[in-house]
There are 2 protein chains.
Amino acid sequence: MIKVLVVDDHVLIRKGLVLLLESYPDISIIGEAGEGEEAVRLALKEEPDVILMDISMPNGIDGIVATQEILRHSKNIKVILLSMHDEEGYIQEAIEIDADGYVLKNSQGGELYHAIKQVHKGEKYYKVGLPPEQIDRLFENKGNKQASILTLREQEVLRLVVYGYTNKQISEKLSISPKTVENHKSNIMAKLELKQKSELIQYAIANHYIDSQ
Amino acid sequence: MIKVLVVDDHVLIRKGLVLLLESYPDISIIGEAGEGEEAVRLALKEEPDVILMDISMPNGIDGIVATQEILRHSKNIKVILLSMHDEEGYIQEAIEIDADGYVLKNSQGGELYHAIKQVHKGEKYYKVGLPPEQIDRLFENKGNKQASILTLREQEVLRLVVYGYTNKQISEKLSISPKTVENHKSNIMAKLELKQKSELIQYAIANHYIDSQ
DNA sequence: AATCCTATAGGGGTTTTCCCCTATCCTAAG
DNA sequence: CTTAGGATAGGGGAAAACCCCTATAGGATT
């Protein structure tokens, strides 16, 4: 029996996915989350075998950030990212953060089941529109991406800052002290040689820390 | 028995919606379509009572265009638009083309059922994140494209707020007192029924007060 | 072994924001 | 003529952010 956690911010879609997966006798849905923060909390509490995680979610903690948070704490949980997009950039990002699978929303139900079985066995499942050789190349080039000036943590903080969260809210989402958030913020400003918050926002917009579809 | 046609380009989501709706005994799914063109063809051939139509679909014929085509040929069919977005612009467009309902993808399954029942009776169903008075206003202003909830000044202030300018900076740019900026901000929050700054930012992003790209 | 980087956290003081009021002037609608 | 709404402005107090500095633990690099 594979214990699965389903994460998608759209209730209708989430419920649909749950119904779809519940028709398989060897899959047991042990929880649902509607946002990244809750996903992290549930994942660490329930310890599912596999998490089915939508990439695009609101509130700054999208599927990518939530996956990073989860894998930071528990290497045993497998995460399959669910996405509408099959562009290289998204897939590269998924590989970068060590996601175990990547499934498109317009694949067949059976494919999703297959993906869950496969990652549960410890294998990767990346079946997307791109040719397999290209995906292999992305795996090989992992880590070579021109590293951002900002550390991963700083990027997480920045994303939440531009979404307008207070230091306290950010500290809760990341389970750190508000003071640490302050420090990350001022380190970011120093690194980027920015003096004003508005410059920071503009940097974030230019570097796509905000997705406005 | 209400005959329903389900239209969504993402297979997983479409299958999920079908499963969800099939659990209601007085609903019968008479067809599925994965793109706008097929939706129009099926609608005119099968004559469903209600169509559940995703707004965002590829190939030019999205849910809006498909709905217009269908309603042009048959006034008896009711169309409920299904969308991820609850921004003014989208809802305004739905009202403009005379869609019978508008349901968010993150509403509860029961709400979808309720929407289907209600439009089948000939009533409109527009239950979205916006306050009801604002939806009424959009209906009243139908045909008049320049209807925004926020005043011009409020929109100016909002744009500057999301770009991270301080009250003082905004006051200088607009040649008003910082106190007035404060007031505009809290008026905006009150109008939109928002409680947190992060919600304001998200509203602004969703409504394209920020241009990335 | 020593050094650098990252992530964490705090002290203490200044500045800014936020919140809940009140208030005036002007214009448009009834 | 009265009422409503928009734009302006302020008082006063609580909360939060911001700034500068210190500090520690763990990992990677040299």
With respect to the phosphate group of [N], does any side-chain polar atom (N or O) of [X] fall under 4.0 Å of OP1 or OP2?
| X | N | answer |
| --- | --- | --- |
| B:Arg153 | D:dT8 | yes |
| B:Asn167 | C:dT17 | yes |
| A:Ser186 | D:dC18 | no |
| B:Thr151 | D:dA7 | yes |
| A:Lys185 | D:dA17 | no |
| A:Thr180 | C:dG10 | no |

Figure out the [atom1]/[atom2] separation between [X] and [N], and round it to whole Å.
| X | N | atom1 | atom2 | value |
| --- | --- | --- | --- | --- |
| A:Asn187 | C:dT8 | CG | P | 11 Å |
| A:Arg72 | D:dG26 | CZ | C1' | 13 Å |
| B:Ile170 | C:dT17 | CD1 | C1' | 11 Å |
| A:Leu152 | C:dT8 | CG | P | 11 Å |
| A:Leu194 | D:dC19 | CG | C1' | 16 Å |
| A:Lys197 | D:dA16 | NZ | C1' | 11 Å |
| B:Gln196 | D:dA16 | CD | C1' | 14 Å |
| A:Met189 | D:dA17 | CE | P | 14 Å |

**Prompt:** Distance-only, no hydrogens or angles: does the A:Asn187 side chain make a donor-acceptor pair with backbone N or O of A:Ala190 under 3.5 Å?
**Reply:** no
**Item:** Note, B:Gln202 side chain near B:Glu199 side chain (heavy atom, < 4.5 Å)
**Value:** no
**Request:** Starting at CD1 of A:Ile27, measure out to CE of A:Met1 and round the result to the nearest 0.5 Å.
**Result:** 9.5 Å
So if I take every side-chain heavy atom of [X] and compare against [options], which nucleotide ends up nearest?
| X | options | answer |
| --- | --- | --- |
| B:Ile176 | C:dG10, D:dT8, C:dT8 | D:dT8 |
| B:Glu182 | C:dC18, C:dA9, D:dA7 | C:dC18 |
| A:Lys179 | D:dT8, C:dT8, C:dG11 | C:dG11 |
| A:Lys191 | D:dA17, C:dT6, C:dC18 | C:dT6 |
| B:Glu154 | D:dA7, D:dA9, D:dG12 | D:dA7 |

**Message:** Base, sugar-phosphate or nothing for B:Thr166? Non-hydrogen atoms, less than 4.0 Å.
**Reply:** sugar-phosphate
**Request:** Would you indicate what A:Asn183 reaches in the nucleic acid, counting non-hydrogen atoms under 4.0 angstrom: base, sugar-phosphate, or nothing?
**Result:** base
**Message:** So for the helix from C:dA1-D:dT30 to C:dG30-D:dC1, with five pairs setting each end axis, what is the inter-axis angle to 10°?
**Reply:** 50°
**Asked** Take atom CD in A:Glu172; do more than 12 heavy atoms of anything else shown fall under 6.0 Å from it?
**Response** yes
**Asked** Taking everything shown except B:Lys168 itself, do over 12 heavy atoms lie less than 6.0 Å from its NZ?
**Response** no
**Request:** Just grab all the ring pair (Phe, Tyr, Trp, His ring centres under 6.0 Å) pairs involving residues 47-89 of chain A, residues at least two apart or on different chains.
**Result:** A:His85-A:Tyr90
**Set of side chain to side chain donor-acceptor pair (under 3.5 Å) partners for A:Lys117, sequence neighbours left out** = A:Asp26
**Message:** Between A:Lys185 and A:Asn167, do the side chains contain a donor N or O and an acceptor N or O under 3.5 Å apart?
**Reply:** yes
